[in-house]
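Everything below concerns the one structure shown next.
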Amino acid sequence: PRSTRLNTLFPYTTLFRPRPHRSAQLRRAHERAAALLPRRPGAGRRRARRARRRRPRIEYVSHPSLAELHPTEPHVETGERLVALLAELEIIEAGPASREQVERCHARDYLDRLEALEVPTLLDPDTVASETSYEAALLAAGCTLAAVDRGGFALVRPPGHHALPDRAMGFCLIDNV
């Protein structure tokens with residue numbers, strides 16, 4: 001090989017000497033660099049598995065009425081999605097948020113308009129509301145507040161992550177995030 005021939009021509013140089021590939025894991029202890037941080041106690045040891053908990057790690061907060069209160073069919077945000085989740089999961093039922101709690105985020109006249117709806121209405125190109133949507137939105141916000149208090153996850157509809165202080169947007173009526 002070329003490196004061997006160059007070493008015979010220039011015996012005092014180590015530039016062309018082939019070296020075996022050694023990664024840090026394969027080096028001997030005296031060849032490794034000193035650790036910058038002290039080792040954690042128990043590092044490298046396998047930990048015993050903990051016994052499985054009987055209750056779920058995350059509590060799911062919702063209400064069965066949320067699937068029927070906000071009729072949006074044939075819209076993509078339908079109650080069928082929530083019905084499927086509620087059938088599979090154990091939930092904790094929560095009540096609606098108060099008007100005072102919701103007014104912390106939303107304008108009073110916007111909430112009055114939502115409450116006054118009597119027929120299905122398009123509030124924006126994506127958001128449908130009906131006569132029971134205000135009740136559903138308060139219930140969804142209440143479930144979300146209860147989930148925050150419990151450290152859980154709220155399964156609600158209508159969703160609330162797009163709602164603005166003075167109008168609905170993107171399927172969302174009341175901000176509950």
Using the side chain to side chain contact (heavy atoms under 4.5 Å, CB included) criterion, which residues pair with E135? Sequence neighbours excluded. L69
Any non-hydrogen side-chain atom of V119 less than 4.5 Å from a side-chain atom of L117? no
Who pairs with R81 by salt bridge (charged side-chain N to carboxylate O under 4.0 Å, His left out), at least two apart in sequence or on another chain? none
Nearest-0.5 Å distance that lies between atom CD in E131 and atom CD in E118: 8.5 Å
CG of D175 to CG of L164: how many Å apart, nearest 0.5 Å? 8.5 Å
Where A94 and G142 come nearest, the two heavy atoms and their spacing: CB-O, 4.3 Å
Taken in chain and number order and not counting sequence neighbours, the residues that satisfy side chain to side chain donor-acceptor pair (under 3.5 Å) with T132 are none
List in chain and number order the residues that pass side chain to side chain donor-acceptor pair (under 3.5 Å) with D124, two or more places apart in sequence or in another chain; answer none if no residue qualifies. T127
CZ (F153) and CD (E59) are apart, to the nearest 0.5 Å, by 13.5 Å
Under the salt bridge (charged side-chain N to carboxylate O under 4.0 Å, His left out) rule, collect the residues that match up with D149, sequence neighbours excluded. none
Between CG on residue L138 and SG on residue C143, distance to nearest 0.5 Å: 11.0 Å
List the residues meeting side chain to side chain contact (heavy atoms under 4.5 Å, CB included) with A97, not counting sequence neighbours, and say none if there are none. Q101, V102, A141, L145
Supply the atom-to-atom distance H162 NE2 to L173 CG, rounded to the nearest 0.5 angstrom. 13.0 Å
Could you tell me which residues satisfy side chain to side chain donor-acceptor pair (under 3.5 Å) with R167, sequence neighbours excluded, listed by chain and number? none
CG on D166 to SG on C105, rounded to 0.5 Å: 12.5 Å
Of all pairs that satisfy ring pair (Phe, Tyr, Trp, His ring centres under 6.0 Å), the ones with a partner from residues 102-147, not counting sequence neighbours: H106-Y110
According to the salt bridge (charged side-chain N to carboxylate O under 4.0 Å, His left out) rule, which pairs have a member within residues 92-104, sequence neighbours left out? R99-E103, R99-D112, R99-E115, E103-R108
Would you please test I91 and L85 for side chain to side chain contact (heavy atoms under 4.5 Å, CB included) and show each step? CA-CA 10 Å; I91 65 159; L85 289 170; over 6 Å; no
Do the side chains of L66 and L155 get nearer than 4.5 Å, heavy atoms only? no
Where is the tightest heavy-atom contact between P158 and A140, given as atom of each residue plus distance? O-CB, 3.7 Å
Taking the side chain as every heavy atom from C-beta outward, state whether S62 and L82 have any atom pair closer than 4.5 Å. yes
Please list, chain by chain and in numerical order, all residues satisfying side chain to side chain contact (heavy atoms under 4.5 Å, CB included) with T144, sequence neighbours excluded. A154, V156, N176
Residues L139 and S65: closest non-hydrogen pair is CD2-CB, 4.1 Å
For T121, check side chain to side chain donor-acceptor pair (under 3.5 Å) against everything at least two apart and list the hits. none
Decide whether V83 and V61 are clustered together by the hydrophobic rule: side chain heavy atoms of Ile, Leu, Val, Met, Phe, Trp, Tyr closer than 4.5 Å, transitively. no
All heavy atoms of I174 vs all of A137, minimum pair found to be CD1-CB, 3.5 Å
